[in-house]
Each structure stands twice: as structure tokens, then as C-alpha cells.
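Written below as C-alpha cells is the structure these notes are about.
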Amino acid sequence: MSTSDLLSLMPLVIISGSAVIAMLLVAIKRNHRIMHAFSVLAFMAALLSLFVQPYTVPYIIAPLFVVDAFALFNTGLILVAGLSVLFLSFKYFEQREERKEEYYILLLLATVGGMVLVISQHFISLFLGLETMSISLYGLIAYLRARERSDEAGIKYLLLAALSSAFLLFGMALVYAFTGTMEFEGIGAYLKQAGTVPVTVVAGFGLMMIGVGFKLGIVPFHMWTPDIYEGAPLPVAAYIATVSKGSMLVLLMRFYRDIDGYEYTILWWVFAIIAMASMFVGNWLALLQQNVKRLLAYSSIAHMGYILIAFLAGQLAGQEAVIFYLVAYVITSIGAFGVLAILSDKIRDAELLDDFSGLFWRHPWLATVFTGMLLSLAGIPLTAGFIGKFYIIAAGVDAGLWLLLILLIVNSVIGLFYYIRIIAVMFQPLTENTPTLTRQALPFFGVFALSALMGLLIWLGVYPSTLIALIRDMMLTMG
Amino acid sequence: MILFLFILIPIAGGLLAWISAAWNKTLPRWIALLVMLFELVLAAMLWWQLDDVTRWSSDQWIDTFQRPWMPRFGISFSLAMDGLSLLMLVLTFFLGTLSVLVSWNEIKERSGFFHFNLLFVLGGITGVFLTMDLFLFYFFWEVMLIPMYFLIGIWGHANRTYAAFKFFIFTQAGGLLMLLAILGLYFVHAHSTGVFTFSYFELLDTPMEQNVGRWLMLGFLIAFIVKLPAFPFHTWLPDAHTEAPTAGSVILAGLLLKTGAYGILRFVIPLFPEASHFFAPWIMLLGAIGILYGGKLAYAQTDLKRLVAYTSVSHMGFVLLGAFAFNALAWQGVVMQMITHGISTGALFMIAGSLYERLHTRELGKMGGLWPAIPRMGVVSMVFVMASLGLPGLGNFVAEFLILVGSWQAQPVLTIAATIGLVVATVYSLRIMQKIFFGTSQREYKLPDLSFREGLMMAPLVIAIIWLGVYPQPVINAVKPTIPAVVQAPPVQPVPIAIHPTK
């Protein structure tokens with residue numbers, strides 16, 4: 001590996017280097033504040049290094065990685081998401097009894113995994129990235145050991161993730177056995193030359209689909225989502241919802257494009273059915289929840305379904321829509337979980353509907369942010385979620401996916417029910433017996449991060465042209 | 001630029017009102033009032049200046065404003081005003097001013113946030129009436145919803161959460177179908193001309209297949225008749241109206257319903273002339289059903305606000321009937337109906353609100369014999385009840401008469417049915433007077449009559465409804481240039497439908 005290779009991988013190098021240094025820092029002296037500040041600096045440095053990319057993109061590091069505009073954009077998205085999660089983490093962990101410092105090491109490592117995923121173009125780097133992320137997540141999910149659901153969530157994720165990785169590996173092996181290559185483009189070239197997809201390769205794709213579907217949390221591989229969201233510490237749940245799912249989605253897009261997946265109707269139908277099922281199952285089960293964390297988990301399943309519709313629309317517009325929606329979804333999810341994290345107290349998380357009762361009159365700004373995030377999830381104008389949904393519908397109409405779009409609309413309406421229900425609770429008048437969590441003072445950094453996210457949400461909802469142009473240029477250079 | 005200010009000022013004023021609540025509880029009211037009065041004066045001045053017949057007939061558009069917004073999709077921030085928009089704006093600011101006044105004493109809690117929502121919804125409505133970009137139209141269409149949801153959901157009566165919910169879900173579902181249709185139209189246009197644009201002017205006369213046009217037209221139509229509301233999509237309306245605070249009911253009945261009617265006049269018919277002709281008899285049938293069924297339900301109500309809400313269903317049936325009759329008379333009648341219904345129903349809701357403030361009930365059974373106690377209120381109610389039943393000399397008569405004359409040329413049978421609706425209107429309207437002001441008093445009431453503030457609100461309403469009844473010419477002049485060519489064309493042979501007796 002030459003110096004130029006390393007330089008082009010600068011963000012990745014910075015984050016993995018910081019993980020090592022962080023480990024040493026813990027060994028020298030345990031200090032939560034220092035660890036937090038260090039991780040924040042590491043993320044910021046990595047973000048800055050994105051802008052001083054010395055080489056022209058796409059820069060290919062054969063055979064594993066490709067650093068193109070698409071990869072850089074998504075690396076940036078991951079880093080911004082990670083940074084926001086960090087801002088929300090400090091107070092959340094500060095008030096807990098457990099040792100807090102290792103959390104940051106794990107978070108840095110998981111980010112390394114995500115960043116590897118978005119630049120991989122090879123099964124090996126895919127698997128390495130995926131496992132780096134998964135293994136860090138096992139630790140992160142079960143981080144607050146004192147809480148009862150924490151171990152359960154950790155173990156559940158461990159077992160299911162290991163199982164799905166096994167499927168993924170087996171699938172890759174099958175594909176490799178037939179095509180003789182593990183590079184995405186090589187596989188695409190083989191399939192093009194063969195004209196059809198051999199049964200073994202179909203089986204391989206199917207098995208890989210299980211691994212990918214598990215990470216994306218789409219039906220029927222979604223069972224873990226609510227339990228893990230409920231058991232994991234809130235910042236970690238936000239992280240899983242955004243970085244883990246987002247990086248896998250980006251990888252899927254790259255893989256699909258490289259193998260010309262749009263050519264094969266059978267793949268199309270598989271995804272179409274998954275999209276429909278995800279929308280309905282996610283929204284339907286979300287309707288039944290009383291726990292806000294579980295509700296957000298189910299709603300994230302539905303949102304993956306929406307994204308898949310844009311994905312299926314194919315073409316340029318569809319891919320742009322996926323990325324735009326992903327950006328909107330990252331902002332909204334972190335914002336929503338962030339509100340929960342800030343409201344949580346020492347004993348338990350703010351997760352019951354009652355915890356939000358009359359929130360608007362107690363903490364107007366937090367309630368406004370949460371309302372904004374929920375409206376964005378519901379796709380109401382003035383928020384980024386609206387433009388995202390518009391983008392998806394536009395891509396779908398262009399591709400003529402009428403059935404999927406009608407289902408999307410039906411689901412949007414179902415979705416409204418439970419988003420509005422939370423909003424209605426927040427605007428209830430205060431009563432004597434409104435339960436309040438003990439937390440009173442709001443953390444500065446957390447509120448700052450939420451305000452920034454809220455600003456982004458409105459900005460993208462009112463004036464999305466800049467981001468749209470950026471995404472469009474990026475997708476055009478990808479070809 | 002002035003068009004943009006029309007939208008910006010209420011929204012900025014709303015934010016200001018919200019912030020100002022931190023210093024002073026009464027400041028938001030004054031800010032809201034001044035903002036609305038300022039807008040009203042601005043709009044009225046425009047109307048005044050342009051009251052020049054030559055100008056009216058030469059050019060449909062009084063003013064336009066355009067800035068690029070999302071060039072990727074061909075979306076621009078495009079506003080334009082013609083006579084129809086101008087009239088709707090005057091109505092919006094007129095009722096907006098009154099709705100600030102009407103909530104002067106009613107809203108005691110969180111007045112900052114209340115006035116923010118009030119001004120925000122008015123800003124959204126203004127946007128709907130001005131925009132000439134379909135994406136922007138959808139944007140404003142949805143923007144109106146959220147503040148309205150809060151107005152009902154926070155300051156409403158006992159069952160407010162349910163009502164707010166139902167309102168939101170119904171209109172949102174309709175809206176999403178419209179979004180689908182908008183996008184469909186956008187791509188149909190792009191495929192046939194190669195230009196990606198949401199601009200209303202360019203989308204007019206888009207060549208499209210007959211079938212496609214019909215489907216797209218239905219997408220738009222459903223959104224609008226949910227909002228209107230027409231039978232069978234009217235069920236959200238009585239709940240929302242009944243539970244909303246008075247200002248909310250006034251805005252709902254006076255303005256939000258009009259956005260549906262406006263959408264039909266502005267978008268459905270000009271964009272899809274063929275499909276509109278095709279579906280016209282059926283839509284007029286829905287209108288006629290709405291007139292009779294709404295009237296029947298209104299008669300059956302014991303809750304005053306519910307009663308008035310159902311009369312809206314009935315009156316809005318006339319809008320459907322007239323809009324799809326395809327002739328200039330009916331079209332002018334529809335615009336008149338939008339304005340006069342806004343005034344008369346708004347006034348009836350204000351009266352219901354005033355009565356509720358005094359009696360703490362909306363049940364007709366618990367009222368009765370109030371005339372001796374509150375004679376001035378009785379007189380005002382009498383005026384608007386008479387307006388509602390279509391007494392000549394008051395604005396509603398002109399509107400309904402024009403609609404019936406126009407629709408007779410298209411569908412005589414349905415017009416007869418609609419005329420029977422006028423009789424029904426007489427019955428339910430008189431029942432209001434009978435139950436509240438006449439009959440025997442159940443107990444000796446000592447009630448304050450109209451206060452100075454209430455008198456100040458009612459006087460312009462009374463003047464407006466009489467003025468429109470006696471001299472409607474300014475309104476008719478204002479809408480003349482906006483009547484689209486498809487309506488001015490000689491009436492097409494009516495398509496016979498099942499209940500037609502002669503065929």
C-alpha cells in the first residue's frame with residue numbers, strides 16, 4: 001500500500017488510529033470528559049480530512065476499496081451521524097454508574113466498520129467492515145449491564161448477527177464458486193457474459209440477502225429491531241438506526257449497481273415484496289406500541305421499506321432519492337432518539353408515552369424538536385422528510401411503480417396515526433399527576449446537537465436545492 | 001413582491017407573536033390583529049386600485065412573482081394573482097381579522113402559541129390562494145394542516161384529540177393522492193414535451209391520453225372534495241368544527257373549505273377539461289346529494305355547532321353543482337357562494353361561540369326564549385340565518401340563484417333536486433331561530449347582550465352580507481377574466497345519467 005493510498009483513506013486512518021489511541025488513554029487514566037473530547041476531536045478531524053482529499057476521485061485501491069464521490073459523501077454522512085451521537089452521549093452516560101470510557105472506543109471501532117463498508121467493492125472488505133461493526137455493536141448494545149434488558153438485547157444481537165453473517169459468508173462462497181471472483185464488477189461482468197443468473201448464484205444472492213436484510217432490519221429479518229432498540233442505550237440505538245443501517249444500504253446500492261441488478265426481474269420482485277412487507281409490518285406493529293423506543297424501531301422498518309421503493313425505481317432519480325431520503329432519515333432518527341436520550345434520567349430511559357405527556361409546556365424547545373422530527377418521519381412539509389418522500393414518489397412515478405406507490409401512500413396514512421399520537425401527548429395540558437423524570441437541567445451539548453439537527457431538518461425541508469445538486473452531481477460522476 | 005409579502009407577513013408576525021408572549025400575555029393578540037388588519041388593508045387597496053373595467057377585461061393576472069426554488073425538479077417559487085385569488089385573499093384577511101377578535105377573551109392560555117398557529121394557518125391559506133406552481137401548492141396545502149391540527153387539538157373542546165386526528169388523517173390522505181396526481185401530470189408533461197416543470201401555466205393544455213387524464217383528475221378531485229367536503233367524504237367536518245375553538249371553526253368553515261373549492265376552480269377544470277366534462281354529471285350528482293343530505297343531517301342535530309357544520313356540507317354541494325355546470329353564470333355563482341358562505345357561516349359560528357361563552361352549552365334543547373334577554377344578538381343571528389336560507393337581498397341568495405340558473409342548462413333534474421335543498425335550508429335555518437331565540441324560556445336568563453367587541457365583529461359581517469346581496473357587481477367583475485376558456489365555450493351536450501327522465 002503506497003502513501004497515496006493511505007492519504008486517500010485519511011478519514012478511515014484517523015478514526016482507526018484514534019481508536020487505538022483511545023484505548024491507550026483509558027489505560028493511562030480513566031476520565032470520561034477527556035475521552036469524550038478526544039472522540040469528538042477525532043470525528044472532527046476525520047470530517048475535515050474529507051475536504052482535503054488530495055487525489056482526484058474515483059481513486060481505486062485495487063482490489064478492495066474504491067474512494068469515489070459516492071463513498072466520500074457517505075463517509076461524511078456516517079461521520080456527521082457519529083458526531084451527533086457523541087454529542088448526545090456524554091450526559092447520558094455521565095449519570096450512569098458503569099464505567100463509561102470504553103464506550104467511545106467501541107463507537108470509534110464501529111464507525112471504522114461503517115466507513116469500510118461504504119468504500120468496499122469486494123466481498124472481503126465487505127465482510128471485514130461488517131464484522132468490525134457488528135462486533136463493536138455487541139459491546140455497545142449490552143453496554144449498560146446493570147439494566148435488565150441490556151444483556152438480553154446484547155445476546156440476541158450477537159446470536160442473530162452471527163447467524164446472518166454465516167448466511168452471508170455462505171452466499172458469498174456460492175457466488176464466488178461460480179463466478180470465480182469476489183469483486184463486485186467482476187461478478188457483474190460474469191453475469192452479463194452468461195446472460196442469465198445461474199441457479200447457484202441466485203441461491204448465493206438469496207443467502208447474502210439474509211445477511212444484508214438483517215442489517216437493514218427489513219421484513220422478514222426485522223425481529224431483532226424492537227428488542228435491540230429497547231434494550232440498547234439510547235445513543236447506541238440512534239447509532240444502529242442510522243450508521244449501521246445506512247452503511248449497509250450504501251453497500252447494497254453499490255453492489256446492485258455493479259452487478260447490474262436492475263436487469264434481473266427476479267431480484268426486482270424479491271425486493272418489491274420485501275418493501276411491501278416492511279412497510280405494512282413496520283407501520284402496523286408501530287401502531288400497537290406504547291413504548292416510544294419500540295415504536296421508533298418499527299417505524300424504522302417501515303422507512304426502510306420506503307427507501308426500497310426508491311431503490312427499486314432504479315435509474316438516476318431513484319438512486320438520488322435513496323440518498324436524499326437516507327440523509328433526511330439520519331437527521332430525523334438521531335434527532336428523535338436524541339430527544340429521548342436527553343430526557344432520560346439516571347434510573348431509566350424516557351420511553352413510555354406518559355413520559356412525554358405535556359412535554360411542550362415543560363420543555364418547549366425539546367418538544368418542538370421532537371415534533372419536528374416526528375413530522376419529518378411522517379413526511380409533512382417544511383421538514384427534510386417531506387422532500388425525501390416527495391423525491392421517492394417522484395422517482396416511483398417516473399418508473400411507473402403505481403402499486404408500490406399506492407401502498408406507500410396507504411402506509412403514510414397509517415404512519416400518521418402513531419406519529420400524531422405522540423405529538424398529541426406532548427401537547428396535552430399539564431396535570432398534577434403528570435409523571436416527570438427526575439432530570440431537570442438540560443445538557444448543553446445535547447441541546448446544541450439537537451438544535452443543529454433541527455436547523456438542518458428545516459433547511460433541507462425549505463431549501464433542499466444545494467443538497468439535491470450535490471447528490472445529483474455525485475451520482476452522475478458514478479455513471 | 002407584494003404577493004410574497006402577503007405570505008411572509010403572517011408567518012413572520014406569527015413568530016413574533018409567539019416570542020412576544022414571553023414578555024406580555026396580551027401582546028400576541030395585538031400583534032396578530034395588526035398583522036391581519038395590515039394585510040386586509042393591503043388587499044383591499046389592490047382591489048380598489050384595480051376596480052377599473054378595462055384593466056379587468058384585458059389581463060387576467062394582476063401581479064406575478066417568481067424565483068427559482070428547486071431547479072432540479074423544475075420547481076419555482078411562483079406566485080400570481082388574478083381576480084379570484086384577490087377575492088379569496090380579501091376574504092382570508094377579513095375572516096382572519098375577525099378570528100383574532102373572536103378569540104380575544106376565549107383564549108386565556110398560551111396565547112402566544114395560539115396566535116402563532118392562527119397566523120401560520122392564515123399564511124398557509126394565503127399561499128394556497130396565490131401559488132401557481134403545483135409543488136408549491138401542495139406544499140402550502142399541507143402547511144395549513146399542522147397549525148390547524150394544533151388549533152383544534154390544544155384549544156378545542158372536550159373531544160378535541162379525536163376530532164383533530166380525524167381532520168388530519170382525512171385531509172392528509174386526500175393530499176397524498178393529489179401529490180401522486182401532481183407527479184403523474186408532471187411526468188406526462190415531461191414525456192410529451194421534454195420539459196420538467198411544475199408550473200401551472202406550462203402544465204395547462206398538456207396533451208395526454210384520455211384515460212391518464214381521467215385518473216389524474218380523480219387524484220386532484222378527491223383531495224379537493226375531501227376538503228370541500230362533499231358527500232361521502234364529509235364525516236371529518238362536523239367533528240372538527242364542533243370541537244374547534246371559535247376562531248378555528250371560523251377559519252375552517254370560512255377559509256379551509258374554500259381551498260377545496262378554489263382547487264377545483266383553479267386546477268381541476270382548467271388542467272383536465274376533458275375529464276372534467278366526462279365526470280361532470282356524477283360530480284354534480286354528488287353535489288346534489290350533499291345539498292339534500294347535508295340539509296337533512298343539519299336538521300337532525302341538537303348541537304348548535306354541529307348543525308352549522310352540516311349546513312356547510314349542504315352549501316358546499318352548490319359549489320360542486322355550479323363548478324361542473326360549465327357555464328359562466330354558474331361559475332360566478334360559485335365564487336359568490338364561496339365568499340358569502342365564508343361570511344355567513346363564519347358569523348353563525350361566532351354567534352355559537354358567543355352563546356357558548358354565556359350559556360356554557362351548545363345544546364339547542366337547553367336554549368330557548370333568549371330573545372328578550374339578548375335582543376341585539378337575536379337580530380344579528382336573524383340576519384345570518386336568513387342569509388343561510390337564501391333570502392333575497394342577502395349575498396347567499398345571489399350566489400345560489402346564479403348557480404341554479406347556470407346548472408339548469410347542464411342538468412335540469414339535479415338542479416330541481418338542489419332547489420328542493422333550498423326548502424330544506426329554510427327548515428333547518430328557521431329551526432335555529434326557533435330553538436334559540438323564540439319559544440319558552442326554561443329559566444330566567446340574565447345575560448349580557450353583545451359587547452362592544454362583539455358588535456365590532458358583527459357589524460362588518462352584516463354590512464358585507466347585505467352589500468353582497470344588493471350590489472354583487474364588484475365580485476362578479478373581479479372574477480370575469482378568470483373564467484377559463486373551457487367554461488366560456490358553448491355548453492356541451494349534457495351526458496345523460498341514470499336518473500335523467502327524458503332519455
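Reminder, nothing fancy here: chain letters follow the sequence lines and each chain counts from 1.
- Of the atoms belonging to B:Y149, it is side-chain heavy atoms, and not backbone ones, that fall under 4.5 Å from chain A.
- If you measure heavy-atom distances from B:F187 to chain A, the contacts under 4.5 Å come from the side chain alone.
- Both the backbone and the side chain of B:L176 come within less than 4.5 Å of a heavy atom in chain A.
- Interface remark: A:E320 contributes side-chain atoms only to the contact with chain B (heavy atom separation under 4.5 Å).
- Within the 4.5 angstrom heavy-atom criterion, no atom of B:L145 approaches chain A.
- Judged by distance alone, with hydrogens and angles left aside, the side-chain atoms of A:D355 form a donor-acceptor pair with the main-chain N or O of A:E351 at under 3.5 Å.
- Of the two parts of A:I409, the backbone and the side chain both hold a non-hydrogen atom closer than 4.5 Å to a non-hydrogen atom of chain B.
- Under the salt bridge (charged side-chain N to carboxylate O under 4.0 Å, His left out) criterion, B:R160 pairs with no residue at all, not counting sequence neighbours.
- For a heavy-atom cut-off of 4.5 Å, chain B lies close to A:I380, A:P381, A:L382, A:F386, A:I387 in residues 380-387 of chain A.
- For A:F417, the parts lying near chain B are the backbone and the side chain together; criterion is any non-hydrogen pair under 4.5 Å.
- Highest contact tally toward chain B, considering only A:T466, A:V410, A:V462, is held by A:V462 [criterion: heavy-atom pairs under 4.5 Å].
- If you measure heavy-atom distances from B:I182 to chain A, you find no contacts under 4.5 Å at all.
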